[in-house]
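One structure is given here, and the rest of the page talks about it.
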Amino acid sequence: MELTYALRSNGAVRGFTADAVSDATVAAVLDDARFAPSGGNRQPWRVAVVKDPAVRATMADLMRPVWYEYMGASAAGKRAFAFGKSIDAAPVEVPNALIDDISAVPVVLAVAADLREIAIMDGNVTNRPPVVGGASIYPFCWSVLLAARAHGLGGVMTTFLSRAEAHAAPVLGLPADHALVATLFLGVPTHQNTKLRRNPVESFATVDRFDGPAFTA
Ligand SMILES: Cc1cc2nc3c(=O)[nH]c(=O)nc-3n(C[C@H](O)[C@H](O)[C@H](O)COP(=O)(O)O)c2cc1C
C-alpha cells in the first residue's frame, strides 16, 4: 500500500470478523513495528500477546468502569480525563463491544514501556504533567497499527487500562518500573474506515510562533 494513502486512511477499527489471526501474522506485525523510533533508540516497548481468556476477562472488567466514567463525562458535555479538569459526572453504562466481547477479539496486545529506558525531558520542570516520555512508545503503537494494515488487519489503540494499572499489573505480570501504556485490538476489519475527519493544516500550523498567522503553502 502506498505510504501517503496508508497515513491518510488508517482509521480506527473496532469491529472484527471471526477470522483468526495466526501467531505468524502477529509476529510479522511486531517485526515491522519494531523499527519505530524512540529516544536514544532505547526501544522501551514490551508487548504481552494476551490469549488467556481469563486474563482478557479481567482486563475487560478493569476497563469497563473507566469506559463508563468516560461516557458519563461525555454525556455531561465534559472532556474526560483532561488536564486540570475533574470529571464530576456520574458514570453512564454504555455497552462497548471491544470490552464486552473481548474474548472474540482476534488479537489483544498489552503494551508496556520500560520507564528506566525513557528520557522524560519535560519531567519535573513544569507544573503540568510530563508528556514527552510518551513519544518513545506511541510511535511504536502507531507502527503496530500501520503494520497491521499492511498485513490485511485493522485495529485500534485504547488506553482505558492505564487508569487501572495498579490492578492490571499483577494480572499481566507488569514488571516494576514499567507503565501500561496501551491495549491494542487487532483483527480482520468488518469495515475499514478510510474517510477520516481531521482538522486542516491551517487550523493547527502557524508561522514562527504558536500565536502567529496561519501557515499556508
Ligand atoms: C492515545 C489514544 C487513546 C485512545 N483510546 C481509545 C479508547 O480508549 N477507546 C477507543 O475505542 N478508542 C480509543 N482511541 C482511538 C481514537 O478514538 C481514534 O483514533 C480517533 O477517534 C480517530 O478515529 P478514526 O481514526 O476512526 O477517525 C485512542 C486513540 C489514541 C491515539
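Numbering of ligands and ligand atoms starts at 1, following listing order. Since we're looking at a predicted model, the values are computed, not measured. Just so you know, these numbers use all the heavy atoms, side chains as well, and skip hydrogens, waters and symmetry mates.
- Using a cutoff of 4.0 Å between basic side-chain nitrogens and carboxylate oxygens, Asp122 and Arg128 are scored as salt-bridged.
- Listed by number with element, the atoms of ligand 1 under 4.0 Å from a non-hydrogen atom of Gly11 are 25 (O).
- When atom types are taken as modelled, the side chain of Arg56 and the backbone of Val105 share a donor-acceptor pair closer than 3.5 angstrom.
- Counting non-hydrogen atoms of other residues, nucleotides and ligands closer than 6.0 Å to CG of Asp211 gives a total above 12.
- Closest to atom 10 (C) of ligand 1 by heavy atom, among Arg163, Gln192, Arg14, is Arg14.
- A donor-acceptor pair is defined here as one N or O able to donate and one able to accept, closer than 3.5 Å; no such pair exists between the side chain of Glu117 and the backbone of Arg42.
- For the ligand labelled ligand 1, residue Met157 lies inside the 4.0 Å heavy-atom shell.
- Ala12 N, 3.3 Å is the protein heavy atom nearest to atom 26 (O) of ligand 1.
- In this structure, the side chain of Thr158 engages the main chain of Thr183 through a donor-acceptor pair within 3.5 Å.
- For atom 13 (C) of ligand 1, the protein comes within 4.0 Å by at least one heavy atom.
- Summarising the contacts of atom 8 (O) of ligand 1 with Thr194, Leu196, Thr159, the nearest heavy atom is found in Thr159.
- Close approach of ligand 1 to Phe160 (heavy-atom distance below 4.0 Å) involves ligand atoms 7 (C), 8 (O), 9 (N).
- A perpendicular orientation is assigned to the rings of Phe160 and Trp67, their planes being inclined by more than 60° (bins at 30° and 60°).
- Taking any N or O of Val156, backbone or side chain, none lies under 3.5 Å from an N or O belonging to ligand 1.
- Contact annotation: Arg198 has at least one heavy atom less than 4.0 Å from an atom of ligand 1.
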